[in-house]
Amino acid sequence: MPVVAIGAPRSWRPPGSPLRPDFFDRSADQVAADLVGKILWRDGVGGGRLVEVEAYLPSDDPACHAARGRTRRNDAMFGRPGTVYVYLSYGIHVLLNLVCESEGVPAAVLMRAFEPLASPGEPRLDPRVAAGPGLVGRALGLDLSWNGVRLGCEARLGVFDDGFAPAVETTERIGISMGRSLPLRFILPGSRSLSRAPRRGIPAGRPS
DNA sequence: TAAACGATTAGCT
DNA sequence: GCTAATCGTTTAT
């Protein structure tokens, strides 16, 4: 049941200017680090300030969907920088990625959580409506038809830079079993909108 | 054609 | 803190 959890007036847009596609023509970890604090926004629906993203690299990254080559599902990852890559997780969750690197190089950044931004006159929003990758897709009202869409060109979805440049923290990624140790999760520490996804398969490292 | 798995979340203890 | 639910994609036969 796709539920649009936030609903902003059609006329309102977040402050700042939209990122251009060449912002994404870099390595995914650099893009990811710079995306924290930016505003992810869908026209007429809403969005908010990104507080948690993860990078997936084109090589030496077993968790990347393209690690075993190009398939029908991950095809969008090979597209031009700034392309939207959307796929279904666990058959139910719509996960939003933004493609990085040059065309033909499969890299992307997963949008894991954002702090909802209320437009003027709107009541305060629950900070947890987008506190997880599946919740991000749901809050923005996305579905698989968004796969392959280009940011900016299609003005319906964009990332805005309003000059906010927070201190970003780096951690291990969440919810994957391979490539776990790579520090490719970027967060805004202390945000109430961070996901609380459990880490599966991590052996107890606590001393007895 | 069949089986296993997952870039998760919600709900219950 | 732990587990069930849920189904498309991938991989194996």
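In what follows, chains carry the letters A, B, and so on, assigned in the order in which the sequence lines appear, proteins first and then strands, with residues in each chain numbered from 1. Worth saying up front: this structure is predicted, and the values here are computed from it rather than measured.
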Should A:Val53 and A:Leu157 be regarded as members of a common hydrophobic cluster, given that ILVMFWY residues are connected when their side-chain heavy atoms come within less than 4.5 Å of each other, either directly or indirectly?
yes

- Task: Group every Ile, Leu, Val, Met, Phe, Trp and Tyr by side-chain heavy-atom contacts under 4.5 Å, then state whether A:Leu88 and A:Val84 land in the same group.
- Result: yes

Let me know the distance between [atom1] of [X] and [atom2] of [N], rounded to the nearest Å.
{"X": "A:Glu52", "N": "B:dT9", "atom1": "CD", "atom2": "C1'", "answer": "14 Å"}
{"X": "A:Leu95", "N": "C:dC7", "atom1": "CG", "atom2": "P", "answer": "16 Å"}
{"X": "A:Arg128", "N": "B:dT8", "atom1": "CZ", "atom2": "C1'", "answer": "15 Å"}
{"X": "A:Leu110", "N": "B:dT8", "atom1": "CG", "atom2": "C1'", "answer": "11 Å"}
{"X": "A:Arg173", "N": "B:dT8", "atom1": "CZ", "atom2": "P", "answer": "11 Å"}
{"X": "A:Asn147", "N": "C:dG8", "atom1": "CG", "atom2": "C1'", "answer": "13 Å"}
{"X": "A:Arg112", "N": "B:dT8", "atom1": "CZ", "atom2": "C1'", "answer": "9 Å"}
{"X": "A:Ile92", "N": "B:dG11", "atom1": "CD1", "atom2": "P", "answer": "12 Å"}

Where DNA chain C forms runs of at least three Watson-Crick or G-U pairs (i with j, i+1 with j-1, under 3.5 Å), the stems are B:1-6 with C:7-12, B:8-12 with C:1-5

### Query
So, does A:Asp29 use its side chain to make a donor-acceptor pair with the main chain of A:Ala55 at under 3.5 Å?
no

Q | Donor-acceptor side-chain pairing of A:Asp161 and A:Ser17 below 3.5 angstrom | A | no

Under the criterion ring-ring contact (aromatic ring centres under 6.0 Å, His included), I'd like the reasoning laid out for A:His65 against A:Tyr56: C-alpha separation, chi angles, the key distance, then a yes or no.
CA-CA 8 Å; A:His65 277 177; A:Tyr56 288 84; 7.3 Å; no

Between A:His93 and A:Leu144, the residue closer to the 5' end of DNA chain C by nearest nucleotide is A:His93

When rounded to the nearest 0.5 Å, the distance separating CG of A:Leu135 from CZ of A:Arg112 is 10.0 Å

d(A:Glu54 CD, A:Ile174 CD1) to nearest 0.5 Å is 6.0 Å

### Query
Are A:Tyr90 and C:dA5 stacked, counting the six-membered base ring, centres under 5.5 Å, planes under 30°?
no

In numerical order, the residues of residues 64-89 of chain A whose heavy atoms come under 4.0 Å of DNA chain C are A:Arg68, A:Thr71, A:Arg73, A:Leu88

